[in-house]
Amino acid sequence: MTDNNTKQDKVQVARDDAITRVTIWRPKRLNALDVDVLEGLTEAVNEAGHNGTRVMVISGSGEKAFVAGADIGMMEHFSPREALEFSRKGHELMLALDRAPFISVARVQGYALGGGCELAMACDLIVASENAVFGQPEVGLGLIPGFGGTQMLAARVGLSVAMDLAVTGRRLSGRDAAALGLVSRVTAHERLDEEVENTIAGILKGVPQAVIEAKRLVKQSLHMPFEYGLSSEASSFANCFDRQSSGEQQPNPLSRQGGETG
Ligand code: COA
């Protein structure tokens with residue numbers, strides 16, 4: 001179902017120096033992903049890629065849901081052609097997050113179903129409340145996950161659990177999602193914001209270029225033979241020492257940590 005709000009109403013962006021906070025604002029629809037939300041999120045990610053953002057936190061409005069899925073009302077009368085375009089729009093967002101030169105953090109409370117689970121998985125880190133509910137219920141609606149779920153699940157939780165989630169629509173609590181490796185951190189609900197801030201602080205402590213290289217290499221490892229991955233790692237490791245050509249004027253972090261040699 002659509003509403004009269006604009007893209008800017010539905011995707012609210014606040015930037016504070018290196019941190020961009022994005023809130024999906026459709027509380028009455030449990031933040032369901034319609035075309036406006038998908039486009040608004042993709043624009044926010046692309047913009048953040050050029051404005052010095054180092055961490056993006058994506059949240060849902062209200063207490064009940066991160067995102068309760070793709071907008072079912074909108075999909076009800078889709079033709080196959082419209083469904084293809086909608087799926088591709090979702091993929092554009094997931095790819096933008098994948099390639100983004102910053103770390104994305106999904107702050108998940110309540111429902112993260114269907115497209116909500118996929119959006120969370122497309123983020124680099126998921127920080128979840130115990131009250132979170134993850135799942136891919138699409139098969140029950142005669143669908144399959146359309147925003148990358150079939151391609152991201154196994155990387156997060158392994159083939160066995162991925163298959164269980166995809167073919168049965170089984171739901172996972174925040175604690176179970178953490179035990180199975182779907183989420184990075186889980187916490188009591190009242191501590192969720194504190195844990196998100198701890199996560200941000202942990203990311204910001206790292207040297208920016210090193211953090212982004214680490215993201216790139218870890219992601220790449222899923223799709224690359226071990227030998228090539230190691231070769232790529234060695235080149236990146238060497239690049240970390242190429243401070244002069246990168247024009248970096250910062251103090252060398254190795255000097256601060258290394259102490260006396262010999
Ligand atoms: N798309 C569009 N609207 C949605 C939605 C979605 N994915 N999920 C929830 N909503 C809307 C509901 O239609 C309802 O609107 P209404 O008040 O106008 O009737 C509102 O959000 C609140 O949802 P409601 O179902 O009343 O809340 P609940 O607490 O009883 O149940 C859920 C919450 C998440 C379990 C239930 O809404 C649900 O199963 N949603 C669909 C989840 C899903 O299948 N997602 C994958 C889609 S591919």
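In each ligand, atom 1 is the first atom listed, and ligand 1 is the first ligand listed.
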Does the residue Glu118 have a heavy-atom contact with ligand 1, meaning some pair of atoms that are separated by less than 4.0 Å? no
With atoms numbered from 1 as shown, which atoms in ligand 1 lie under 4.0 angstrom from a non-hydrogen atom of Leu141? 44 (O), 47 (C), 48 (S)
Regarding Ser236 and Asn239, do their side chains bring together a donor and an acceptor under 3.5 Å, going by distance alone? no
Ignoring hydrogens, just give me the one of Pro27, Ala68, Ala70 whose non-hydrogen atom is nearest atom 8 (N) of ligand 1. Ala68
If we only consider heavy atoms of Met74, is any one of them less than 4.0 Å away from an atom in ligand 1? no
With nothing but distance in play, are any N or O atoms of Ile72 less than 3.5 Å from an N or O of ligand 1? yes
Any N or O of Glu138 that comes nearer than 3.5 Å to an N or O of ligand 1? no
Criterion salt bridge (charged side-chain N to carboxylate O under 4.0 Å, His left out) on Glu82 and Arg88, from CA distance to verdict: CA-CA 10 Å; Glu82 288 168 324; Arg88 284 184 174 155; over 6 Å; no
Give every residue pair that meets the side-chain hydrogen bond (donor to acceptor under 3.5 Å, both in side chains) criterion with at least one member in residues 89-99, sequence neighbours excluded. Glu39-Lys89, Asp98-Lys219
Can you tell which part of Glu76 has a heavy atom less than 4.0 Å from ligand 1: side chain, backbone, both or neither? neither
Using a 4.0 Å cutoff against the non-hydrogen atoms of Pro137, which atoms of ligand 1 qualify? 43 (C), 44 (O), 45 (N), 46 (C)
Any idea which atoms of ligand 1 are less than 4.0 Å away from a heavy-atom of Lys64? 27 (O), 28 (P), 29 (O)
When you measure from the heavy atoms of Gln136 to every atom of ligand 1, does any distance fall below 4.0 Å? no
Run the salt-bridge test on Asp176 and Arg171 with the 4.0 Å N-O cut-off and return the result as yes or no. no
Distance filter under 4.0 Å to Arg171 heavy atoms, resulting ligand 1 atoms: 35 (C)
Hey, does the side chain of Ser87 reach the backbone of Leu84 with a donor-acceptor pair shorter than 3.5 angstrom? no
Per-atom contacts of ligand 1 with Tyr111, taking only distances under 4.0 Å to non-hydrogen atoms: 33 (C), 34 (C), 35 (C)
Do we see a donor-acceptor contact under 3.5 Å between the side chains of Ser232 and Gln220? yes
Please go through Tyr228's hydrophobic cluster and name the other residues, only I, L, V, M, F, W, Y counting, with side-chain heavy atoms under 4.5 Å joining them. Met224
Under a 4.0 Å N-O cut-off, is there an ion pair linking Asp36 with Arg26? no
side-chain contact (heavy atoms from CB on, under 4.5 Å), paired with Arg54, selected from Asp17, Val211, Ile103: Val211
Which atoms of ligand 1 are found less than 4.0 Å from any heavy atom of Ala32? 1 (N), 2 (C), 6 (C)
